[in-house]
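Structure first, commentary second.
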There are 2 protein chains.
Amino acid sequence: MNSPKDDIDRIFHALGDPTRRALVERLSAGPQSVSSLATPLDVTLTAVMQHLQVLEESGLVRTEKIGRVRTCRVEPAGFAVLQKWLSDRRSMWERNLDLLGDFLAEEE
Amino acid sequence: MNSPKDDIDRIFHALGDPTRRALVERLSAGPQSVSSLATPLDVTLTAVMQHLQVLEESGLVRTEKIGRVRTCRVEPAGFAVLQKWLSDRRSMWERNLDLLGDFLAEEE
DNA sequence: GGGATTGTCAAGTAGAAACTTCAGTATTCT
DNA sequence: AGAATACTGAAGTTTCTACTTGACAATCCC
C-alpha cells in the first residue's frame, strides 16, 4: 500500500522545507553525522533529527548508526522518483505543443 | 534581489502541496480556466485561486485574464529551474562516487 | 435591463508543521 | 570508574498554511 503517489507526495513535502533542502545539498557533497550537519545551522540537534527523519521516510536520505554516531547519506533512488515526475510533466506539455503545431500546420 | 535561491524555495514550497501539484498535473495536459480547474476538486473556487497565486509567484504557472475568464497554463521556464537543481545535486554525488572510486583504485 | 457566470477581496478559523526544552540512553575516551 | 559525546523520546509552544465564508465586481447572455 505504498503507492508512487504517496512517494512523490512525501518527496515534495520533504523538499518543501528550506532547512531540509539545505541538509540534502550538504549531503550531496558526501556523508555526514547528525551533529556535524547540525553545527552550522542555528537550530537544535533535535530539530535536525526530526528533519532527517522526514527525509529518510521520503526515501531521499539513508542513515545508519554505528556506535554512537549516525551517518547520513543521499539516496539516489529517491531522486529518481522526482526526476521521473518532472520528465512525465515535460513530455505531457511537449506533446501538447506538438499537437498544436500540427493543428496550426493544417490550418493554412 | 530575486536570487535563484529564493526561486527554488518558492518552487519547492509550491509543489509541496498535493492540491497544487494536482493542478500542475492537470495543466500539463493543456490550459484551463480557474473554474474548470476547481470543478473536480472538493474545495472552493477561492481556495483554488489562492493555490494558483502561489504557483504563479513561483513561476511554474502563468495566467492571463480575458473577459471574465482567467486562463492558466504551465510555464516551462519554472520547471527548468527545478531540473537544474536536480541535475546539480546528481552531478555532485556522482563526482564524489568517482573520487571514491579513484581512491579505492589507488589503495591496492 | 436583468440574471447568470466567473473571478476577486478581506477576514477569520482549524489543523499541521517546525522548533524548543528537558530528561534519558548508549558509546567512547581518559 | 567517571566524564564527555552523540543521539533519542516525549511533550508543549508558536508560527504557518490551507481553507472557509460572505460580500463584491466585471462580463456575458437573453
Side-chain angles (χ1 to χ4, degrees), chain A residues 5-27 30-75 78, chain B residues 5-27 30-75 78:
Chain A
K5 191 112 181 176
D6 294 339
D7 283 350
I8 200 73
D9 205 344
R10 273 189 280 270
I11 287 174
F12 271 116
H13 172 248
L15 293 174
D17 179 84
T19 304
R20 278 193 292 265
R21 227 166 36 249
L23 289 176
V24 166
E25 288 173 8
R26 288 178 45 218
L27 286 176
Q32 281 191 3
S33 73
V34 179
S35 45
S36 87
L37 281 171
T39 305
L41 269 41
D42 58 352
V43 293
T44 58
L45 186 69
T46 305
V48 175
M49 283 288 304
Q50 288 163 353
H51 282 306
L52 285 169
Q53 203 170 328
V54 172
L55 285 169
E56 193 161 16
E57 282 165 2
S58 75
L60 291 167
V61 162
R62 186 163 46 90
T63 78
E64 181 191 17
K65 189 165 183 177
I66 298 176
R68 65 181 166 175
V69 32
R70 178 175 292 279
T71 303
C72 314
R73 71 195 68 232
V74 156
E75 175 62 60
Chain B
K5 192 112 179 176
D6 295 338
D7 283 351
I8 200 73
D9 205 343
R10 272 188 282 270
I11 286 174
F12 271 115
H13 172 250
L15 292 174
D17 179 81
T19 305
R20 279 194 290 267
R21 227 166 35 249
L23 289 175
V24 166
E25 289 173 7
R26 294 189 29 227
L27 286 176
Q32 282 191 352
S33 72
V34 178
S35 45
S36 86
L37 282 170
T39 305
L41 270 42
D42 59 351
V43 293
T44 58
L45 187 70
T46 305
V48 175
M49 283 287 305
Q50 287 165 354
H51 282 307
L52 285 169
Q53 202 170 330
V54 172
L55 286 169
E56 192 163 14
E57 281 164 4
S58 75
L60 291 167
V61 162
R62 185 162 46 90
T63 77
E64 181 191 17
K65 190 168 183 178
I66 298 176
R68 65 182 166 176
V69 33
R70 177 174 295 278
T71 302
C72 314
R73 71 195 67 232
V74 156
E75 175 63 62

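This structure is a prediction, so every number in the text was calculated from the model and none was measured. Residue numbering restarts at 1 for every chain, and letters A, B, ... go by the order of the sequence lines.
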(message) What's the separation between atom CD1 in A:I8 and atom OG in A:S58, rounded to the nearest 0.5 Å?
(response) 10.0 Å
(request) I would like to know whether A:T63 and A:L55 meet side chain to side chain contact (heavy atoms under 4.5 Å, CB included); could you show each step before the answer? (result) CA-CA 10 Å; A:T63 78; A:L55 285 169; over 6 Å; no
(message) Apply side chain to side chain contact (heavy atoms under 4.5 Å, CB included) to residues B:L27 and B:L60 and explain how you reach the verdict.
(response) CA-CA 10 Å; B:L27 286 176; B:L60 291 167; over 6 Å; no
(message) Counting C-beta onward and ignoring hydrogens, is there a side-chain heavy-atom pair between A:V34 and A:V48 closer than 4.5 Å?
(response) yes
(request) Walking along DNA chain D from 5' to 3', note the first and the last nucleotide with an atom under 4.0 Å from a heavy atom of chain B, and give both. (result) D:dT17 to D:dC28
Can you give me every donor-acceptor pair (side chain of residues 39-46 of chain B, partner residue at least two apart or in another chain, under 3.5 Å) with its distance?
residue, atom, partner, partner atom, Å
B:T39, OG1, B:S35, O, 2.8
B:T44, OG1, B:A47, N, 3.3

(request) Measure the angle between the two terminal helix axes of the helix from C:dG1-D:dC30 to C:dT30-D:dA1, five base pairs each, and quote it to 10°. (result) 30°
(message) Could you tell me how far apart A:H13 (NE2) and C:dG15 (C1') are, to the nearest whole angstrom?
(response) 13 Å
(message) Show every salt bridge (Lys or Arg N to Asp or Glu O under 4.0 Å) that has at least one partner inside residues 15-27 of chain A, sequence neighbours left out.
(response) A:R21-B:D9
(message) Tell me which pairs pass salt bridge (Lys or Arg N to Asp or Glu O under 4.0 Å) where either residue lies in residues 46-72 of chain A, with sequence neighbours left out.
(response) A:R62-A:E75
(request) Kindly give the heavy-atom pair with the smallest separation between A:I11 and A:G78, and that separation in Å. (result) CD1-O, 3.5 Å
(request) Indicate for each nucleotide in nucleotides 19-30 of chain C, in 5' to 3' sequence, whether protein heavy atoms under 4.0 Å reach the base (B), only the sugar-phosphate (S), or nothing (-). (result) BBBB----BS--
(request) Specify the separation, in whole Å, of atom CD of A:E57 and atom P of C:dA17. (result) 12 Å
(request) Grab the CG-P distance between B:L37 and C:dT8 for me, whole Å please. (result) 12 Å
(request) List in chain and number order the residues that pass side chain to side chain donor-acceptor pair (under 3.5 Å) with A:Q53, two or more places apart in sequence or in another chain; answer none if no residue qualifies. (result) none
(request) Only pairs at least two apart or in different chains count here, so list each ring pair (Phe, Tyr, Trp, His ring centres under 6.0 Å) that has a residue in residues 8-27 of chain B. (result) B:F12-B:W85
